[in-house]
*Asks:* 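Okay, here's the structure, questions in a sec.
Here is how names work: the chains are called A, B, and so on, in the same order as the sequence lines, proteins then strands, and each is numbered from 1.
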2 protein chains.
Amino acid sequence: MGEQTPRYHRIADDLRGQIERGELAPGQQLLTEFELMEQYAVSRNTVRLALRRLTDEGLIIAGQGRGSFVRKQLTPAVWDWSVLESRSRHRSDANGDQWASVVAESGREPRQEVKVTIRRPSAEIARQLQLDPETALTVVRERVRIVDQDPYALADSYFPEELVRGTALMLPEDVAAPGGVLASIGLIQVRYQDEITVRMPTRGESEKLGLPAATPVAVHMRTGYDKGDRPLRVMITILPGDRHVIRYDVSAE
Amino acid sequence: MGEQTPRYHRIADDLRGQIERGELAPGQQLLTEFELMEQYAVSRNTVRLALRRLTDEGLIIAGQGRGSFVRKQLTPAVWDWSVLESRSRHRSDANGDQWASVVAESGREPRQEVKVTIRRPSAEIARQLQLDPETALTVVRERVRIVDQDPYALADSYFPEELVRGTALMLPEDVAAPGGVLASIGLIQVRYQDEITVRMPTRGESEKLGLPAATPVAVHMRTGYDKGDRPLRVMITILPGDRHVIRYDVSAE
DNA sequence: TTGGTGGTCTTGTACCAACAACTTGATGCC
DNA sequence: GGCATCAAGTTGTTGGTACAAGACCACCAA
């Protein structure tokens with residue numbers, strides 16, 4: 001049978017069309033693999049290849065023992081990164097808790113799990129903080145941001161150890177202060193450099209965030225500098241693509 | 001055999017470890033499926049499941065008839081979006097050709113394929129441009145940005161038709177002007193709103209860009225406003241994750 | 001030298017079978 | 001009623017086979 005496109009491609013195309021036209025609504029259960037076998041007169045393997053294709057595109061999601069379902073897209077959280085902590089319009093909250101207040105406004109319950117460690121910096125972190133990777137130490141605050149019990153993002157902050165030694169930043173608690181936590185200990189960030197990359201999550205990230213298959217992440221790395229251009233902090237945020245929008249406002253002064 | 005983790009998980013973990021430890025270098029060919037069958041004493045099906053896992057993580061890439069290879073990451077192009085076209089430091093070029101000049105600086109050859117059409121706007125575009133989706137028309141400039149024959153990004157610009165009627169923007173050519181093309185016809189953008197989302201590419205994007213499997217894309221939507229807060233343009237750029245870094249500088253005035 | 005031709009190697013597609021693991025709802029016991 | 005148990009249904013895992021399709025190389029012929 002000299003067909004050009006493989007059968008499982010055409011089955012996937014057919015199902016994708018049904019999803020895009022709305023004949024299969026978000027959250028709705030698809031036919032079972034066995035039913036699809038009969039409908040298309042193919043083997044179960046071929047059906048599974050087609051379903052895998054849709055899974056990889058993020059269109060459906062399968063659960064063992066339950067069935068396959070059209071994936072419903074979450075209403076994404078919009079995240080405005082174009083404001084300095086020190087002049088945040090969001091009622092005097094730090095950037096770390098801009099998040100908390102934005103979430104709270106939408107009637108949901110934010111929570112953060114914080115873990116603090118002292119570590120030798122990785123090559124990338126050392127470069128961003130202009131530290132010697134052999135001798136310097138960094139204080140690392142690893143946060144898991146949770147909304148209504150569901151993990152939403154990972155946010156890890158790295159500080160040069162000598163700058164924050166003995167301050168509240170070393171407490172494994174959810175610290176917040178008006179104007180930003182760094183400002184509260186006398187470190188004023190006047191400039192950020194943000195770099196955003198896109199990739200598939202690592203296994204560890206995928207587990208911590210409970211990500212469904214085929215969910216890419218944005219990696220947002222923000223380096224904060226004081227007015228002498230000394231780097232004070234690197235914050236790396238892992239934002240799952242299915243639940244976040246990153247926003248910037250760029251304007252002439 | 002009451003094992004907790006499936007065999008193909010463990011095989012994938014093993015191979016992933018080899019890649020991460022550098023025992024398998026980027027670009028290097030993996031053992032063939034048949035050899036892996038013998039080495040792990042499993043069926044080809046199981047080997048393929050393990051390889052698929054690594055493919056989905058973006059770690060390897062397979063070619064029919066050639067073999068499987070450790071994926072080498074490209075040196076990503078850094079893309080600075082925090083500058084207005086009108087005050088670009090990059091030798092008086094438009095944003096659209098900030099790209100061209102950055103690429104040219106690194107000794108590679110940039111090229112753009114441009115297609116211009118007039119269309120009724122989608123709901124999203126109409127909302128961004130504050131147009132009536134029933135009656136309004138938009139001029140759409142679809143560009144494929146190519147570096148050394150390889151497609152690198154898609155950049156589609158949408159203009160309200162009444163604003164650009166009869167101007168150079170309606171020519172299906174690679175137009176450029178000092179200070180930006182819009183400025184050259186009297187439309188001055190003083191503010192942008194950028195929204196970045198992350199998702200898997202659609203089939204069409206994947207084909208146009210020749211993306212390997214498991215390559216997510218960043219969708220960068222920039223809406224430009226004049227000083228009366230009237231939207232002048234929406235530009236949607238599709239940036240494959242394996243070859244782009246998005247950068248912003250955020251500073252106090 | 002050049003070009004085509006064919007054979008071999010490798011991954012891709014498609015089929016079949018069996019059991020495991022998990023979910024869900026029904027059943028029945030206390 | 002409440003709770004444990006069971007059975008049926010569904011996807012997950014693993015084994016097998018066969019042929020197709022693309023890549024690559026060696027060989028031969030012009």
Side-chain angles (χ1 to χ4, degrees), chain A residues 1-16 24 27-71 203 206-207 210-214, chain B residues 1-16 24 27-71 203 206-207 210-214:
Chain A
M1 38 181 74
E3 292 144 19
Q4 62 294 34
T5 57
R7 292 201 203 189
Y8 76 95
H9 276 52
R10 280 182 289 141
I11 296 174
D13 290 345
D14 188 27
L15 293 173
R16 188 188 305 107
L24 287 170
Q28 185 178 342
Q29 181 169 6
L30 274 71
L31 296 181
T32 67
E33 293 178 355
F34 186 75
E35 289 168 325
L36 290 171
M37 281 171 66
E38 291 191 326
Q39 179 172 336
Y40 293 102
V42 295
S43 71
R44 186 169 167 221
N45 222 321
T46 303
V47 168
R48 285 180 64 80
L49 283 175
L51 293 179
R52 171 162 82 80
R53 210 144 203 271
L54 300 177
T55 302
D56 286 346
E57 294 172 17
L59 292 176
I60 69 171
I61 195 167
Q64 184 170 351
R66 286 187 306 140
S68 296
F69 301 84
V70 180
R71 198 159 154 187
R203 290 278 317 282
S206 201
E207 284 168 11
L211 297 180
Chain B
M1 41 183 76
E3 292 144 19
Q4 61 293 39
T5 56
R7 292 202 204 190
Y8 75 95
H9 276 51
R10 280 181 289 140
I11 295 174
D13 291 344
D14 188 25
L15 293 174
R16 189 187 305 106
L24 287 170
Q28 184 178 345
Q29 181 168 6
L30 274 72
L31 296 181
T32 66
E33 293 179 353
F34 186 75
E35 289 168 326
L36 290 171
M37 281 171 67
E38 292 192 325
Q39 180 173 337
Y40 292 102
V42 294
S43 71
R44 188 170 166 220
N45 222 324
T46 303
V47 168
R48 284 182 65 80
L49 283 175
L51 294 179
R52 171 162 82 80
R53 211 147 203 271
L54 299 177
T55 303
D56 287 346
E57 294 172 17
L59 292 177
I60 68 172
I61 195 166
Q64 186 170 352
R66 287 186 305 139
S68 295
F69 300 84
V70 180
R71 200 160 155 186
R203 290 278 316 281
S206 204
E207 284 167 12
L211 297 180

*Asks:* In Å, rounded to the nearest 0.5 Å, how long is the span from CD of A:Glu38 to CG of A:Leu31?
*Replies:* 10.5 Å
*Asks:* Nearest-Å distance, CG (B:Leu31) to C1' (C:dT10)?
*Replies:* 13 Å
*Asks:* How about B:Leu15 and B:Leu51: do any of their side-chain heavy atoms sit closer than 4.5 Å?
*Replies:* yes
*Asks:* Tell me: CZ of A:Phe34 to P of C:dC16, nearest whole Å?
*Replies:* 12 Å
*Asks:* Less than 4.0 angstrom from a charged side-chain N to a carboxylate O is my criterion; do A:Arg52 and A:Asp56 meet it?
*Replies:* yes
*Asks:* Roughly how many Å is it from CD1 in B:Ile61 to P in D:dA23, rounded to a whole number?
*Replies:* 13 Å
*Asks:* Picking from C:dC16, C:dT13, D:dT11, which would you name as closest to the side chain of A:Asn45?
*Replies:* C:dC16
*Asks:* Can you check the A:Met37 CE to D:dG9 P distance for me, whole Å?
*Replies:* 15 Å
*Asks:* Could you say whether A:Val42 or A:Gly65 is positioned toward the 5' end of DNA chain C, judged by the nucleotide with the nearest heavy atom to each?
*Replies:* A:Val42
*Asks:* So do B:Ile60 and B:Leu30 actually touch side chain to side chain, heavy atoms under 4.5 Å?
*Replies:* yes
*Asks:* May I ask you to verify if any side-chain N or O of A:Tyr8 is less than 4.0 angstrom from the OP1 or OP2 atom of C:dT13?
*Replies:* yes
*Asks:* From CD of A:Glu35 over to P of D:dA8, roughly how many Å is that when rounded to an integer?
*Replies:* 18 Å
*Asks:* With a 4.0 Å cutoff (strictly under), does any side-chain N or O of A:Ser68 reach OP1 or OP2 of D:dT10?
*Replies:* no
*Asks:* From CZ of A:Arg48 over to C1' of C:dT13, roughly how many Å is that when rounded to an integer?
*Replies:* 16 Å
*Asks:* With heavy atoms under 4.0 Å as the rule, sort A:Thr46 into base, sugar-phosphate or nothing.
*Replies:* sugar-phosphate
*Asks:* Given D:dT13, C:dC15, D:dA23, which nucleotide is nearest the side-chain atoms of B:Arg66?
*Replies:* D:dA23
*Asks:* 5'-most contact on DNA chain C: B:Gln29 or A:Arg52, nearest heavy atom basis?
*Replies:* B:Gln29
*Asks:* Looking at A:Arg7, does any N or O in its side chain come under 4.0 Å of the phosphate oxygens OP1/OP2 on C:dC15?
*Replies:* yes
*Asks:* Please classify the nucleic acid contact of B:Ser43 as base, sugar-phosphate, or nothing, using heavy-atom distances under 4.0 Å.
*Replies:* base
*Asks:* Take atom CZ of B:Arg44 and atom C1' of D:dT17, then tell me their distance rounded to the nearest Å.
*Replies:* 11 Å
*Asks:* Could you state the atom-to-atom distance from CD1 of B:Ile11 to P of D:dG15 in whole Å?
*Replies:* 8 Å
*Asks:* Is there a side-chain contact between A:Ile11 and A:Leu36 in this structure, where contact means two heavy atoms from C-beta onward sitting under 4.5 Å apart?
*Replies:* no
